[in-house]
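Here the structure is laid out as structure tokens; the discussion comes afterwards.
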Amino acid sequence: MTRLAPLIERNARLAADYTPVALAPPSSGAVILSCLDHRLPPELVLGLESGEAPVIRNAGGRVTPGVIQDLAFLAFLAEQLLGEAGGEDLFEVAVIHHTQCGTGFLGDATFRRQAAEATGLREDDLAASVVVDPYETVKHDVRRLLEASEISDKVSVSGHVYDLATGRLATVVDASHPGRWANGR
Ligand SMILES: [Zn+2]
């Protein structure tokens, strides 16, 4: 037995009524970046079905070198799959940060140093995952993606904050393309 046993049972029930989806660009035209917090499963929060949107998750939903690599690859893949049909807008990356984020503890220097010593992780990397004010960090991360030269200019980026107290998602930064950032806001 494993702790996963009851979840595997749920999977068996779901699989009984399963319809496969072919590999294709996300049908919603969106790619989600969010925190790994288990109180905000993006598929449930956004009502996503299979095939609608890739979801990338990490602590805080922060933009890291790994996230940039994943998005650069997804953009390349979308361009290959869509060809001319992709036009100038391959997909929109929606960055979602949230209130009450557990990474907030890492905003405290003493806690951060203890965490670094216990795990061997670099303090700088831990500091980079902190979300204390999601309305500020989401703007910062949208800008970071728009400035990432690895990601195709045909990818747009927007920023949102999910409020755990209400279950509501608010758009903080409207979708924009690289190069238009400086003029737009
Ligand atoms: Zn979080």
Side-chain angles (χ1 to χ4, degrees), residues 2-4 6-7 10-11 26 28-75 91-148 150-151 155-176 181 185:
T2 86
R3 289 186 182 181
L4 213 63
L7 304 185
R10 288 189 207 172
N11 167 258
S28 71
V31 174
I32 312 300
L33 169 62
S34 85
C35 184
L36 48 70
D37 193 304
H38 44 303
R39 296 169 295 174
L40 57 112
E43 290 82 355
L44 294 181
V45 165
L46 301 171
L48 292 171
E49 304 285 342
S50 179
E52 285 196 312
V55 176
I56 301 170
R57 304 183 71 175
N58 63 25
R62 301 305 309 265
V63 171
T64 63
V67 166
I68 290 173
Q69 280 177 23
D70 283 345
L71 289 172
F73 172 67
L74 280 176
F91 55 77
E92 173 180 333
V93 181
V95 182
I96 301 177
H97 290 180
H98 71 100
T99 60
Q100 304 173 27
C101 189
T103 62
F105 290 117
L106 292 167
D108 179 86
T110 306
F111 186 91
R112 190 163 66 238
R113 191 171 59 250
Q114 289 170 342
E117 283 167 5
T119 60
L121 295 170
R122 292 177 56 236
E123 264 193 80
D124 285 355
D125 289 339
L126 291 170
S129 71
V130 174
V131 175
V132 174
D133 180 352
Y135 294 89
E136 284 307 313
T137 50
V138 81
K139 283 185 210 166
H140 175 275
D141 281 9
V142 166
R143 179 171 212 135
R144 192 156 170 217
L145 284 181
L146 288 170
E147 289 175 351
E150 298 90 334
I151 302 171
V155 171
S156 59
V157 187
S158 60
H160 316 263
V161 171
Y162 182 69
D163 188 339
L164 275 170
T166 63
R168 283 192 189 278
L169 192 72
T171 297
V172 177
V173 187
D174 285 329
S176 115
W181 171 267
R185 51 184 65 240

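Atoms within a ligand are numbered from 1 in the order they appear, just like the ligands themselves.
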Query raised in the report: salt bridge (Lys or Arg N to Asp or Glu O under 4.0 Å): which pairs involve residues 55-64, sequence neighbours left out?
Result: Arg62-Asp141
Query raised in the report: What residues, two or more places apart in sequence or in another chain, satisfy salt bridge (charged side-chain N to carboxylate O under 4.0 Å, His left out) together with Glu136?
Result: Lys139
Report summary line: In Val132, Val130, Val131, the residue satisfying side chain to side chain contact (heavy atoms under 4.5 Å, CB included) with Cys101 is Val131
Query - Check: Gly61 main-chain N/O paired with His97 side-chain donor or acceptor under 3.5 Å - result: yes
Query raised in the report: Which residues and atoms, counting only protein N, O or S, are under 2.8 Å from the Zn ion (ligand 1)?
Result: Cys35 SG, His98 NE2, Cys101 SG
Query raised in the report: Is a side-chain donor or acceptor of Ser158 paired with a backbone partner of Asp174 at a separation under 3.5 angstrom?
Result: no
Please tabulate, for side-chain N and O atoms in residues 29-44, each donor-acceptor pair with protein atoms closer than 3.5 Å (sequence neighbours left out).
from	atom 1	to	atom 2	distance (Å)
Asp37	OD1	Arg39	N	2.7
Asp37	OD1	Arg39	NE	3.0
Asp37	OD2	Arg39	NE	3.4
Asp37	OD2	Arg39	NH2	2.8
Arg39	NH1	Gln100	OE1	3.3
Arg39	NH2	Gln100	O	3.1

